Amino acid sequence: MKILICGGAGYVGSHMVRYVLDNGHDVVVYDNLSTGHRGSVPQGVPLVHGDIGDAGKLARVFAEHRFDAVMHFCARSLVGESVTDPYAYYENNVGNTISLLEAMRHASVDRIVFSSTAAVFGHPVSDTIDETHPTVPINPYGQSKLMIEQVLADAAKAYGLRSVALRYFNAAGASSCGSIGEAHDPETHLIPNVLKAVLGQGKGLKVFGTDYDTRDGTCVRDYVHVSDLASAHMLAIDYMARNEGAFTFNLGNGEGFSVREVIAAAEKVTGRPVPHEFAERRAGDPATLVASSQQARDELGWQPAMARMEDILASAWNWHLQPRF
Ligand code: UFG
């Protein structure tokens with residue numbers, strides 16, 4: 001197969017590129033390098049430097065290659081930023097995704113795996129969140145992803161597009177070889193910020209909110225290894241070969257960790273203290289997000305290989321210790 005990976009220079013996308021190559025398929029990466037890194041794309045893999053909002057460039061890429069499927073990772077993905085700059089989120093995550101879907105339609109490419117998010121659920125109404133949980137986003141980021149899920153459902157009916165939207169809970173960890181990992185600038189995610197605090201890098205770790213209705217007052221999240229996300233995408237491609245329509249699956253490990261628990265686990269894995277201070281709540285954060293991924297296990301055959309928090313942290317720590325830091 002030949003797969004177009006939009007956002008393949010980014011965090012999840014670059015792990016995906018390696019996974020697809022390891023499984024013997026061809027890849028073209030399309031990325032505007034706004035948050036991704038040229039160096040994260042393996043040598044020999046074509047990298048088209050472009051924006052998915054650029055219809056002309058997309059059309060040329062689809063004319064040049066015959067793709068069997070598209071994987072779409074291009075998005076703005078920061079909850080807090082989406083609250084302060086919603087136009088940017090709707091323009092990129094919604095408007096530009098429709099430009100990509102249009103380009104696919106013109107090129108008769110009818111399969112897409114879409115990176116969605118647990119942020120579509122908003123405040124959970126149950127302890128674990130399955131696919132039937134109400135979707136009531138509490139920030140523009142989650143809303144923008146939910147809008148595209150709706151577009152995909154409509155496109156299935158109107159154009160016969162096959163799609164799988166994968167709702168990631170908290171993507172974390174790094175590749176086992178230590179060559180790629182989570183490198184945002186500025187970094188807002190918990191695990192990289194915790195590990196940078198261990199190394200004395202960054203501006204110092206702040207724990208956002210200690211008065212949530214959780215077991216220790218800090219937010220609880222379900223961390224899922226980035227390589228396990230990649231394996232789910234390949235299974236989604238197989239699934240679309242067997243099933244017509246638009247599908248959504250949750251991807252998480254079904255276990256929640258509070259911010260304090262992540263810090264404690266990081267102290268264990270690194271053998272060093274994690275300096276931190278407590279701060280106000282961050283806008284747009286729900287107290288708890290924990291997945292039920294039973295449907296992905298049953299229907300996709302997904303089996304996470306790196307489900308333990310210690311393994312996730314150890315892979316990220318290994319990457320943080322590489323010489324470039
Ligand atoms: N946090 C801190 N300090 C930090 C960074 C984060 O206390 O320096 C806290 C946050 O307030 C939150 C938790 O750690 O309670 C996790 O925060 P992240 O920024 O790591 O992740 P989010 O839960 O905000 O968001 C991530 C993705 C979203 C996705 C969401 C779904 O960035 O795209 O997971 O669970 F929607």
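Both counts, for ligands and for their atoms, begin at 1 and track the order of listing. Since the model is a prediction, treat every value here as computed from it, not as a measurement.
In terms of protein heavy-atom proximity, atom 15 (O) of ligand 1 is nearest to Cys219 CB, 2.9 Å. Considering only non-hydrogen protein atoms, atom 20 (O) of ligand 1 sits nearest to Leu190 N, 2.8 Å. The protein heavy atom nearest to atom 29 (C) of ligand 1 is Thr117 OG1, 3.2 Å. For atom 7 (O) of ligand 1, the nearest protein heavy atom (residue, atom name, distance) is Phe208 N, 2.9 Å. For atom 19 (O) of ligand 1, the closest heavy atom belonging to the protein is Arg282 NH2, 3.0 Å. Protein heavy atom in closest approach to atom 11 (O) of ligand 1: Asp285 OD2, 2.6 Å. Nearest protein neighbour of atom 27 (C) of ligand 1, counting heavy atoms only, is His189 NE2, 4.0 Å. Summary of contacts: the protein heavy atom closest to atom 5 (C) of ligand 1 is Thr188 O, 3.1 Å.
Between Val259 and ligand 1, not a single N/O pair is under 3.5 Å apart. For ligand 1, the polar-atom distance check finds an N/O of Tyr141 within less than 3.5 Å of one of the ligand's N/O atoms. Considering backbone and side-chain atoms together, Ala119 places no N or O closer than 3.5 Å to any N or O of ligand 1.
A donor-acceptor pair is defined here as one N or O able to donate and one able to accept, closer than 3.5 Å; no such pair exists between the side chain of Asp31 and the backbone of Val48. Remark: side-chain polar atoms of Asp285 are not paired, donor with acceptor, to backbone N or O of Cys219 under 3.5 angstrom. Panel note: side chain His65, backbone Phe67; no donor-acceptor pair is recorded below 3.5 Å.
For ligand 1, the atoms closer than 4.0 angstrom to any heavy atom of Leu205 are 8 (O). Set against the non-hydrogen atoms of Ala118, the atoms of ligand 1 under 4.0 Å away are 31 (C), 35 (O). Listed by number with element, the atoms of ligand 1 under 4.0 angstrom from any heavy atom of Asn193 are 4 (C), 8 (O). Listed by number with element, the atoms of ligand 1 under 4.0 Å from a non-hydrogen atom of Lys206 are 2 (C), 3 (N), 4 (C), 7 (O), 8 (O). Heavy-atom proximity to Val207, at under 4.0 Å, picks out these atoms of ligand 1: 7 (O).
In this structure, Arg282 forms no cation-pi arrangement with Phe208, as its terminal cationic atom is not both closer than 6.0 Å to the ring centre and no more than 45° off the ring axis. Relative to the six-membered ring of Phe249, Arg167 misses at least one condition, a distance below 6.0 Å or an angle of at most 45° to the axis.
Relative orientation of the His72 and Phe114 rings is tilted, given thresholds of 30° and 60° on the angle between their planes. Taking the six-membered ring for Trp and thresholds of 30 and 60 degrees, His184 and His189 have ring planes inclined between 30 and 60 degrees apart.
In this structure, His233 has its ring center no closer than 6.0 Å to that of Tyr239.
A donor and an acceptor atom, one from each side chain of Tyr89 and Glu81, are located under 3.5 Å apart. Judged purely by distance below 3.5 Å, without hydrogens or angles, the side chains of Asn250 and Ser293 never pair a donor atom with an acceptor atom.
At least one heavy atom of Tyr223 sits less than 4.0 Å from an atom of ligand 1.
Atom 30 (C) of ligand 1 has its nearest heavy-atom neighbour, among Asn170, Val262, Val224, in Asn170. Looking at Glu182, Arg76, Arg221, Lys145 and measuring to atom 23 (O) of ligand 1, the nearest heavy atom belongs to Arg221.
Considering only heavy atoms from C-beta on, Tyr30 comes within 4.5 Å of Asp54 through its side chain. The side-chain heavy atoms of Arg111 and Asp68, taken from C-beta on, include no pair separated by under 4.5 Å.
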